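Predicted, not measured: the structure shown is a model, and the values here were computed from it.
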Amino acid sequence: MKVNELGVLPSSELYVHTPNEFSRKHLFTIHFAGRYDCDMNYIIERNFHDYYLLLKVIRGQLRLEFEHQTFTVNADELLLFDCRIPHKYFATAPLSFEFIHFNGNASKEFYDMIIQLYSPVISVIHEMEIIRAIDTILYMLKHNKISDFKASYEVHKILSCLLEGNHTLSSESNLKDVITFIDENSEKSLNISDLANIASLSVYHFSRKFKKFTGLSPHEYVILKRLTHAKSLLKNTSFSINKISDMIGFSSPSHFIATFKKHMNMTPKEFRNFRF
């Protein structure tokens with residue numbers, strides 16, 4: 001579809017898609033996307049647009065303004081933004097970009113986690129998986145071969161890569177040392193003060209940064225590690241429930257059983273006997 005908007009050049013393409021009801025309820029969904037070539041007259045100003053925006057600048061420069069903040073998006077950078085916030089973005093130089101307006105399942109949760117880790121502007125120059133996912137979505141729309149399931153998969157891939165990329169590239173490498181320590185010692189009694197010391201942080205700042213980095217509190221992370229170890233022991237050994245509870249670091253078998261059931265919806269004994 002050709003675009004008749006101020007500042008948008010004739011070489012631009014807009015793609016429109018209407019997901020079905022099942023997709024809107026359960027999947028990530030694509031609603032608008034395209035590739036725009038723009039001159040310096042291009043400007044978008046909205047009070048509300050009920051979608052999230054992924055925008056990758058190919059050449060030139062785009063500026064975003066919202067809530068008294070200004071961000072500049074250059075070539076090989078990605079803009080991720082919640083368009084329900086009043087905002088304005090515009091070209092500050094001749095501009096080419098690709099964009100996807102998406103919504104749907106878990107969009108807000110992913111968006112909130114990513115924005116906590118980055119500003120709305122993210123470099124993707126080396127993130128080939130993200131670039132390929134964007135290309136795949138635009139190709140499907142351009143050739144009218146859109147699959148809601150495939151589109152949802154590609155959006156999920158982009159958002160997941162942004163989160164995983166932060167884990168890989170995060171400057172907070174001391175938190176990685178803590179995670180390695182927990183992984184290797186989850187069966188021991190782990191004191192949050194000792195973990196904070198490994199990260200060279202106060203307990204307060206360590207707890208906040210750890211949750212920001214992993215999505216879990218230190219206690220939740222330890223519990224999940226212990227339960228993963230427990231599941232392996234239940235399936236691969238004949239150790240008693242009491243012994244396994246002790247081996248993985250729970251204070252008592254009853255605490256182990258209650259925690260296991262809370263997370264797995266079955267007791268350790270039921271898990272051991274269950275045929276997967």
Side-chain angles (χ1 to χ4, degrees), residues 26-28 105-106 109-110 113-114 116-117 127-130 132-133 149-150 152-170 172-201 203 206-276:
H26 298 289
L27 305 177
F28 293 103
N105 181 37
E109 289 75 14
F110 270 91
M113 288 182 68
I114 292 168
Q116 284 184 41
L117 298 169
E127 299 292 337
M128 294 308 300
E129 198 164 1
I130 292 175
R132 283 194 294 268
F149 292 102
K150 176 66 172 172
S152 179
Y153 170 78
E154 297 297 339
V155 172
H156 186 274
K157 184 191 299 182
I158 293 167
L159 299 177
S160 297
C161 284
L162 290 174
L163 288 173
E164 290 296 326
N166 184 270
H167 285 208
T168 302
L169 302 173
S170 173
E172 298 179 35
S173 58
N174 48 359
L175 290 178
K176 297 177 188 176
D177 294 336
V178 176
I179 289 169
T180 298
F181 181 81
I182 293 173
D183 290 349
E184 294 175 351
N185 298 276
S186 63
E187 77 284 359
K188 298 177 181 177
S189 177
L190 299 175
N191 184 292
I192 193 167
S193 297
D194 294 336
L195 297 177
N197 285 337
I198 295 172
S200 300
L201 295 167
V203 170
F206 166 69
S207 297
R208 289 181 67 250
K209 288 180 179 291
F210 189 94
K211 184 157 189 176
K212 183 176 177 181
F213 191 68
T214 65
L216 301 167
S217 71
H219 177 71
E220 290 168 337
Y221 187 89
V222 170
I223 291 298
L224 291 183
K225 283 294 173 182
R226 288 176 176 174
L227 293 179
T228 298
H229 189 195
K231 286 186 277 188
S232 177
L233 292 171
L234 287 165
K235 283 297 185 183
N236 297 305
T237 75
S238 59
F239 294 145
S240 69
I241 303 300
N242 287 6
K243 182 172 179 61
I244 290 174
S245 171
D246 185 60
M247 289 175 67
I248 63 175
F250 277 88
S251 58
S252 69
S254 61
H255 183 210
F256 166 52
I257 293 169
T259 303
F260 193 97
K261 187 170 184 178
K262 176 183 176 182
H263 285 81
M264 295 298 299
N265 292 320
M266 62 177 76
T267 66
K269 183 178 179 180
E270 290 169 337
F271 179 86
R272 170 171 271 170
N273 295 329
F274 191 85
R275 296 183 63 186
F276 289 92

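Annotation for Ala199 and Asn174: closest pair O-ND2, 2.6 Å, computed over non-hydrogen atoms. Contact record, Pro218 with Ile192: CG-CD1, 4.3 Å, taken as the closest heavy-atom pair. Nearest heavy-atom pair, Val222 versus Ser186, reported as atom, atom and distance to 0.1 Å: CG1-O, 4.2 Å.
Within the structure, salt bridge (Lys or Arg N to Asp or Glu O under 4.0 Å) pairs that include any residue of residues 262-276 do not occur (at least two apart or interchain). The salt bridge (Lys or Arg N to Asp or Glu O under 4.0 Å) contacts involving residues 220-243 comprise Asp183-Lys225, where partners must be two or more places apart or lie in separate chains.
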Output, in order, the C-alpha distance, side-chain angles, deciding distance and verdict of side-chain contact (heavy atoms from CB on, under 4.5 Å) for Leu227 and Met264.
CA-CA 9 Å; Leu227 293 179; Met264 295 298 299; 5.7 Å; no
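Evaluation of the ring pair (Phe, Tyr, Trp, His ring centres under 6.0 Å) rule for His229 yields no partner, not counting sequence neighbours. The ring pair (Phe, Tyr, Trp, His ring centres under 6.0 Å) search around Phe274 returns Phe276, not counting sequence neighbours. The side-chain hydrogen bond (donor to acceptor under 3.5 Å, both in side chains) check on Ser232 picks up Asn236, with sequence neighbours excluded. His255 meets the ring pair (Phe, Tyr, Trp, His ring centres under 6.0 Å) test with Phe250; sequence neighbours excluded. Listed by chain and residue number, Phe210 satisfy the ring pair (Phe, Tyr, Trp, His ring centres under 6.0 Å) test with Phe206 (two or more places apart in sequence, or in another chain). Scored by the side chain to side chain contact (heavy atoms under 4.5 Å, CB included) test, Phe181 finds Asn185, Leu190, Leu195, Ile198 as partners (sequence neighbours excluded). With sequence neighbours excluded, the residues satisfying side-chain hydrogen bond (donor to acceptor under 3.5 Å, both in side chains) with Ser252 are Ser254. Partners of Glu109 by side chain to side chain contact (heavy atoms under 4.5 Å, CB included), not counting sequence neighbours, listed by chain and number: Ala106. In this structure Ala258 satisfies the side chain to side chain contact (heavy atoms under 4.5 Å, CB included) test with no other residue, sequence neighbours excluded. For Glu129, the side chain to side chain contact (heavy atoms under 4.5 Å, CB included) partners are Arg132, Lys157, Cys161, not counting sequence neighbours.
Here the OG1-CG distance, from Thr180 to Leu175, works out to 11.0 Å after rounding to the nearest 0.5 Å. Atom CD1 of Ile244 and atom CG of Leu233 lie 5.0 Å apart (nearest 0.5 Å). From Ile248, atom CD1 reaches atom CZ of Phe256 across 4.5 Å, with rounding to the nearest 0.5 Å. Atom CD1 of Ile158 sits about 10.5 Å away from atom CZ of Phe28, to the nearest 0.5 Å.
Put simply, the side chain of Leu163 does not reach to within 4.5 Å of the side chain of Leu159, judged on heavy atoms. Counting heavy atoms from C-beta on, the side chains of Phe110 and His156 come closer than 4.5 Å. The shortest distance between side-chain heavy atoms of Asn105 and His26 does not fall below 4.5 Å.
Of the possible polar contacts, none joining the Ser245 side chain to the Ile241 backbone as a donor-acceptor pair under 3.5 Å is found.
For His263, the NE2 atom sits in a packed shell: over 12 heavy atoms of surrounding residues, nucleotides or ligands are nearer than 6.0 Å. A 6.0 Å sphere centred on CZ of Phe271 holds more than 12 heavy atoms belonging to other residues, nucleotides or ligands.
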